[in-house]
Engineer: 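So that we are looking at the same thing, I have put the structure below in structure tokens.
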Amino acid sequence: MDKFEFDVFLCHKGEDKETVIEVAHKLQAEYQIKPWLDEWELQPGLPWQPELERQIKNIQSAAVFIGQSGIGPWQEEEIHGFLREFNRRRCPVIPVLLPNASQQPELPLFLAGRTWVDFRSQSRIYTNPWIRLVWGITGKKPRITPINQPTPPKTPEPETDDLASEKGINYTRLRDLLAAKNWKEADEETYRVMIQAVGKKEGDYFDKDGLLNFPCTDLRTIDRLWVKYSNGHFGFSVQKEIYLSVGGKADGKYDSETWRKFGDYVGWRVNNSWISYSEVTTSSLRRGHLPFMCVKGWIGVVLFSRIETCKL
């Protein structure tokens, strides 16, 4: 079996780039699939066609994204030729209908006969489109269960939270705010309890030594509460996983390019600009968007190093 450097070539129109970048991040973070994306792999200032021709043999499959305005750059002769190369090698070429695609999209002839992946419908009877996309890329058929199939109700069990602290910190208010989905107040409370845990007062700043020696028990408690009450959407461990998926290392060393990619993924950067704190909880809350106050900039990089040490 051939060994490929990349799992999938993401072919898209310019106006769909932001959505496709989100798809690329999710494929990496949640499915361990390595995508080829022009913005990540083509060096600015150089002709793109020779470089793409050089790399095309190292890519296992192609996904052609179709958005609101229909078919895109594969109409150009060069892109069409690259996709024909995938077809010649009998590699999967997967039409992917984005949520804003028309109900009757017009597809090029070489795509029209292929089974597509459809992200348009919010009421999917059979299976999640992410599972179908991963199946198309990897060729590994998952066990498919109808997602709308009713499941027998579970007998509720009384819930108790472990609010353990090495420093005598009371995490009851943080737990209650998270349980009530008061994300902004919970983010502010997270700063308050963490600054106490390093022996400082509210209004003080974190320092590197304090973060590198942050008590693991407290870090684990705070993270567990965030992960539990956001259903795995927020939390330090979630953010660390995303940071590693975009090329980061949990070594405490700040790299501006990797941090920019992380900011793009979690929604801290919009239109190539970092958002302010007042915009944090009013923007779309992407996975890993919170906590914010204790993770921004170099603080987050050092904190991820401590999270790795504490085995979160």
Side-chain angles (χ1 to χ4, degrees), residues 22 24-33 130 159-167 169 171-179 181-198 206 208 210-255 258-269 280-281 284-312:
E22 290 186 28
H25 281 306
K26 184 164 182 173
L27 287 174
Q28 282 187 315
E30 298 187 24
Y31 300 101
Q32 292 73 55
I33 286 175
W130 283 102
E159 291 189 5
T160 57
D161 290 307
D162 182 359
L163 303 181
S165 171
E166 295 176 32
K167 300 293 184 178
I169 308 296
Y171 291 108
T172 303
R173 184 168 187 268
L174 176 61
R175 187 268 315 276
D176 293 345
L177 289 170
L178 288 169
K181 313 300 183 189
N182 290 334
W183 305 122
K184 184 175 182 179
E185 290 185 51
D187 188 44
E188 294 168 352
E189 179 67 11
T190 298
Y191 160 76
R192 279 192 284 268
V193 294
M194 288 187 68
I195 207 70
Q196 290 178 48
V198 295
F206 292 103
K208 187 173 182 178
L211 291 173
L212 287 176
N213 293 284
F214 197 94
C216 288
T217 299
D218 293 72
L219 196 57
R220 194 170 289 111
T221 295
I222 296 167
D223 180 63
R224 185 168 51 238
L225 291 173
W226 272 99
V227 172
K228 174 182 177 179
Y229 288 105
S230 69
N231 294 318
H233 200 69
F234 301 137
F236 297 140
S237 57
V238 174
Q239 291 171 327
K240 188 199 78 170
E241 172 196 322
I242 294 170
Y243 181 68
L244 296 179
S245 77
V246 298
K249 297 180 180 179
D251 57 6
K253 297 178 181 178
Y254 180 80
D255 178 78
T258 305
W259 193 251
R260 181 188 65 79
K261 290 181 180 179
F262 174 76
D264 288 336
Y265 188 103
V266 300
W268 292 355
R269 279 169 48 91
V280 166
T281 52
S284 61
L285 296 181
R286 297 186 188 178
R287 185 169 182 267
H289 195 72
L290 294 171
F292 176 80
M293 290 185 71
C294 299
V295 186
K296 55 186 179 181
W298 68 268
I299 297 175
V301 175
V302 176
L303 188 61
F304 293 156
S305 174
R306 182 56 175 164
I307 290 168
E308 184 78 3
T309 304
C310 293
K311 302 186 184 305
L312 269 70

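Note that the structure is a prediction, hence the values are computed from the model and not measured.
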Engineer: Looking at side-chain heavy atoms only, is the closest gap between L178 and S230 below 4.5 Å?
Structural biologist: no

Engineer: With a 4.5 Å heavy-atom cut-off, do W130 and K26 have their side chains touching?
Structural biologist: yes

Engineer: If you take all heavy atoms of G232 and V238, which pair is closest and at what distance?
Structural biologist: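 Heavy-atom minimum between the residues: O-CG2, 3.6 Å.
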
Engineer: Measuring from I169:CD1 to I222:CD1, what's the distance to the nearest 0.5 Å?
Structural biologist: 8.5 Å

Engineer: Please, which pairs that meet salt bridge (Lys or Arg N to Asp or Glu O under 4.0 Å) have at least one residue in residues 296-312, sequence neighbours excluded?
Structural biologist: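 Counting only pairs at least two positions apart or across chains, the salt bridge (Lys or Arg N to Asp or Glu O under 4.0 Å) contacts touching residues 296-312 are K240-E308.
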
Engineer: The criterion is disulfide bond (SG atoms under 2.5 Å apart); which residues satisfy it with C310, sequence neighbours excluded?
Structural biologist: C216

Engineer: Find the distance between CZ (F234) and NE2 (H289) and round it off to the nearest 0.5 Å.
Structural biologist: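 Taking CZ in F234 and NE2 in H289, the distance rounds to 7.0 Å.
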
Engineer: Which pairs count as side-chain hydrogen bond (donor to acceptor under 3.5 Å, both in side chains) when at least one residue sits in residues 241-253, sequence neighbours excluded?
Structural biologist: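 Applying side-chain hydrogen bond (donor to acceptor under 3.5 Å, both in side chains) to every pair that reaches into residues 241-253, excluding sequence neighbours, yields E241-R287.
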
Engineer: Check for a donor-acceptor pair, side chain of T221 on one end and backbone N or O of A164 on the other, with a separation under 3.5 Å.
Structural biologist: yes

Engineer: Could you go step by step and tell me if W298 and K208 meet the side chain to side chain contact (heavy atoms under 4.5 Å, CB included) rule?
Structural biologist: CA-CA 9 Å; W298 68 268; K208 187 173 182 178; 4.2 Å; yes

Engineer: Do you know the tightest heavy-atom contact between V227 and S237?
Structural biologist: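 That closest heavy-atom pairing would be CG2-OG, 3.7 Å.
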
Engineer: When you check the gap from the basic side-chain N to the acidic O, do R220 and D162 get nearer than 4.0 Å?
Structural biologist: no

Engineer: Holding to salt bridge (Lys or Arg N to Asp or Glu O under 4.0 Å), I want the full list of residues that pass it with E188, two or more places apart in sequence or in another chain.
Structural biologist: none

Engineer: With sequence neighbours excluded, what pairs up with E185 under the salt bridge (Lys or Arg N to Asp or Glu O under 4.0 Å) test?
Structural biologist: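 With sequence neighbours excluded, E185 shows a salt bridge (Lys or Arg N to Asp or Glu O under 4.0 Å) to R173, given in chain and number order.
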
Engineer: Using a 4.5 Å cut-off on heavy atoms from C-beta on, say whether the side chain of L303 contacts that of L219.
Structural biologist: yes

Engineer: If you round to the nearest 0.5 Å, how far is CH2 of W259 from OH of Y254?
Structural biologist: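 Reported value, rounded in 0.5 Å steps: 7.5 Å.
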
Engineer: Will you find, in the side chains of D176 and Y171, an N or O donor that is under 3.5 Å from an N or O acceptor?
Structural biologist: no

Engineer: Taking only residues two or more places apart in sequence, or in another chain, which ones meet D223 in a salt bridge (Lys or Arg N to Asp or Glu O under 4.0 Å)?
Structural biologist: none

Engineer: Can you tell me how far CZ of F214 sits from CE of M194, rounded to the nearest 0.5 angstrom?
Structural biologist: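 Rounded to the nearest 0.5 Å, the CE-CZ separation comes to 4.0 Å.
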
Engineer: For residues V301 and F304, determine if any side-chain heavy atom of one lies less than 4.5 Å from a side-chain heavy atom of the other.
Structural biologist: no

Engineer: Can you name the nearest heavy-atom pair linking Y229 to R175, along with the distance?
Structural biologist: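 Where Y229 meets R175 most closely, the heavy atoms are OH-CD, 3.7 Å.
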
Engineer: Which heavy atom of L244 sits nearest a heavy atom of A250, and at what distance?
Structural biologist: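 Closest pair (atom of L244, atom of A250, distance): CD2-N, 3.9 Å.
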
Engineer: Is there a donor-acceptor pair closer than 3.5 Å between any side-chain N or O of E166 and the backbone N or O of P215?
Structural biologist: no

Engineer: What distance do T190 atom OG1 and I195 atom CD1 have between them, rounded to the nearest 0.5 Å?
Structural biologist: 12.5 Å

Engineer: So do Q196 and K167 actually touch side chain to side chain, heavy atoms under 4.5 Å?
Structural biologist: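 A side-chain contact under 4.5 Å is absent here.
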
Engineer: Begin with the C-alpha distance, continue with both residues' side-chain angles, and end with the deciding distance and a verdict on side chain to side chain contact (heavy atoms under 4.5 Å, CB included) for K184 and L290.
Structural biologist: CA-CA 9 Å; K184 184 175 182 179; L290 294 171; over 6 Å; no

Engineer: Is Q239 close to V295 at the side-chain level, that is, under 4.5 Å between some pair of heavy atoms?
Structural biologist: yes

Engineer: When the ring centroid of W268 is compared with that of F292, is the distance short of 6.0 Å?
Structural biologist: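 Between W268 and F292, the centre distance is under 6.0 Å.
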
Engineer: I want to check something: taking the side chain as every heavy atom from C-beta on, are K181 and W183 in contact at a cut-off of under 4.5 Å?
Structural biologist: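 In short, these two side chains touch, coming nearer than 4.5 Å.
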
Engineer: How long is the straight-line distance from CG of D264 back to NE2 of H25, given to the nearest 0.5 Å?
Structural biologist: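 If we round to the nearest 0.5 Å, H25:NE2 and D264:CG are 6.0 Å apart.
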
